[in-house]
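Quick one: this structure, given as structure tokens, is what I'll be asking you about.
Just so you know, these numbers use all the heavy atoms, side chains as well, and skip hydrogens, waters and symmetry mates.
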Amino acid sequence: MKHAPATAALERLEEFFAPRSSRAAILAREALGRPAPGDAAAREAVIASLQKGLRPDGSVGGAALPTIWRAIELMELGHSGQEPTTGKLIAWVLALAGQPGAFGEGCHPARHEQKACEHYLAGFFAPAPATERLAPITMPCGKTFRAEAQARFAVSCLGLRAVLMAGLAGRASVKKHLTSLSLLAEVWNDWGGYYAPDLVASALHPLSIAPPVHRGATLRTASFIAENQQEDGTWSNADLFHTLESLLAANTPPARKAVARAVPALIALQRKDGSFGPTAQEERALIGVRALVGGAAG
């Protein structure tokens, strides 16, 4: 009976996704090992829909976050990063590297001390011009970044995730971005310090899918997050779903244990309809499925 609550939670999530044919529903049933008979056709229909509405320059409305997320959605459904539509999306994202407005631009003593300036960091994507305000911005998982610098950091890390998924780890700007995150992994030692916990989680996801040379940074970052988990399985000043999504990507022993410890807190948040509330409803439900499956395995 040890896993009875998790089993019941998964059953509610299965019911939640049953009538749906969205990307999240297809991936959730895949994670559960219970694809629906119509999922193959539904996948093709979703892919066709996601390929529409792009500007001639390959962006979604000329905005970084929706463009990055469109590429990730397509690749999660099995589209290659070299396929024409996805390739145009990724090319647009790559062109943002090192542009004005990227995280780490400029320097002053406080930022220099925290290695948060241009003397240490490079390769970040500029999700908006330096003259435009980006924050507040809500990530696909429902986490909202309200501070300007944090929003630019988080969107850049999501962009790095997309570019790595497309198999472009060898690009010079991508190497610089990854090297910068690996450097920061060495200075993260205070959960309430200069870098907010949600930024640490933002960095963990792309590090987790980076080439093996960054494995040490992945291990350090995942362990740092796991070490700061509270007794109830949550993290102070950190979004549970954003954190779980990154830990699931890391898939290290400390990360798997942390996901398992978070399962009771996750179940406590679940509603009768299987979801975890109206915020990013399907995406959080998908993270919930993956965490519950991964937690049982861990």
Exercise. Would you mind reporting whether Val259 and Arg256 have side-chain heavy atoms less than 4.5 Å apart?
Key: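 Result no, sub-4.5 Å side-chain heavy-atom pair not found.
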Quiz item: Under 6.0 Å from the CD atom of Glu113, do we count more than 12 heavy atoms belonging to anything else shown?
Solution: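 Not buried by this count: 12 neighbours or fewer within 6.0 Å.
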Practice problem: On the 0 to 90° scale, with breaks at 30° and 60°, tag the Phe125-His177 ring pair as parallel, tilted or perpendicular. | Solution: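 Because their plane-to-plane angle lies in the 30° to 60° range, the rings of Phe125 and His177 count as tilted.
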Quiz item: Is Asp273 salt-bridged to Arg12, going by a charged N under 4.0 Å from an acidic O?
Solution: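 No, no charged N to carboxylate O under 4.0 Å.
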Self-check item: Closest non-hydrogen atom pair between Trp235 and Asn228, with its separation
Solution: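 What the structure gives for the nearest pair is CD1-O, 3.5 Å.
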Quiz prompt | Under 3.5 Å donor-acceptor, Ser208 side chain and Leu204 backbone | solution =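 The answer is yes, because a donor-acceptor pair under 3.5 Å joins these two groups.
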Self-check item: Axial cation check for Phe224 ring with Arg220, 6.0 Å and 45° limits
Solution: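 No, Arg220 and Phe224 do not form such a contact.
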Practice problem: Report the residues that fulfil side-chain hydrogen bond (donor to acceptor under 3.5 Å, both in side chains) with Arg261, sequence neighbours left out, ordered by chain and then residue number. | Solution: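 Checked Arg261 against side-chain hydrogen bond (donor to acceptor under 3.5 Å, both in side chains); matches are Gln229.
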Quiz item: To the nearest 0.5 Å, what is the distance between OG (Ser22) and CD (Glu73)?
Solution: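 So the gap between those two atoms works out to 9.5 Å.
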Exercise. Test salt bridge (charged side-chain N to carboxylate O under 4.0 Å, His left out) on Glu245 and Arg284 and set out the steps.
Key: CA-CA 9 Å; Glu245 184 180 33; Arg284 291 196 170 205; over 6 Å; no
Quiz item: Does a donor on one side chain sit under 3.5 Å from an acceptor on the other, for His242 and Ser202?
Solution: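 Yes, a side-chain donor-acceptor pair sits under 3.5 Å.
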Quiz item: So, for Leu247 and Ala258, which heavy atoms are closest and what is the spacing to 0.1 Å?
Solution: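 In this case the closest contact between Leu247 and Ala258 is CD1-CB, 3.9 Å.
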Quiz item: Taking C-beta and beyond as the side chain, do Ser180 and Tyr120 meet within less than 4.5 Å on heavy atoms?
Solution: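 No, too far: nothing below the 4.5 Å cut-off.
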Quiz item: Would you find more than 12 non-hydrogen atoms of other residues, nucleotides or ligands less than 6.0 Å from Arg133 atom CZ?
Solution: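 Atom CZ in Arg133 is packed in, count exceeds 12.
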Quiz item: Can you name the closest pair of heavy atoms from Ile287 and Leu248 and give their distance?
Solution: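 Taking every non-hydrogen atom into account, O-CD1, 4.2 Å.
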Quiz item: Just by distance, do the side chain of Trp191 and the backbone of Ser236 share a donor-acceptor pair under 3.5 Å?
Solution: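 Looks like yes, one N/O pair under 3.5 Å.
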Exercise. Working to the nearest 0.5 Å, report the span between CG of Leu74 and CG of Leu50.
Key: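 Reported to 0.5 Å precision, the distance equals 5.0 Å.
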Quiz item: Within the side chain of Gln230, is there an N or O that forms a donor-acceptor pair under 3.5 Å with the backbone of Asp232?
Solution: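 Not confirmed, Gln230 side chain does not pair with Asp232 backbone.
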Practice problem: Measure from the side-chain N and O atoms of Lys176 to the backbone N and O of Gly98, and report whether any donor-acceptor pair falls under 3.5 Å. | Solution: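 Not confirmed, Lys176 side chain does not pair with Gly98 backbone.
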Quiz item: side-chain hydrogen bond (donor to acceptor under 3.5 Å, both in side chains): which pairs involve residues 24-50, sequence neighbours left out?
Solution: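 For residues 24-50: Glu14-Arg34, Arg29-Asp39, Glu30-Arg43.
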Quiz item: Between Thr243, Asp198, Thr279, which is the residue that forms a side chain to side chain donor-acceptor pair (under 3.5 Å) with Lys143?
Solution: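 The option that passes is Asp198.
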Exercise. Please name the residue in the list Glu11, Gln281, Arg271 that meets the side chain to side chain contact (heavy atoms under 4.5 Å, CB included) test with Phe16.
Key: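 Single pass found, and it is Gln281.
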Practice problem: Spell out, as yes or no, whether a donor-acceptor pair under 3.5 Å connects the side chain of Gln150 to the backbone of Ala196. | Solution: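 Here the side-chain-to-backbone pair does not exist.
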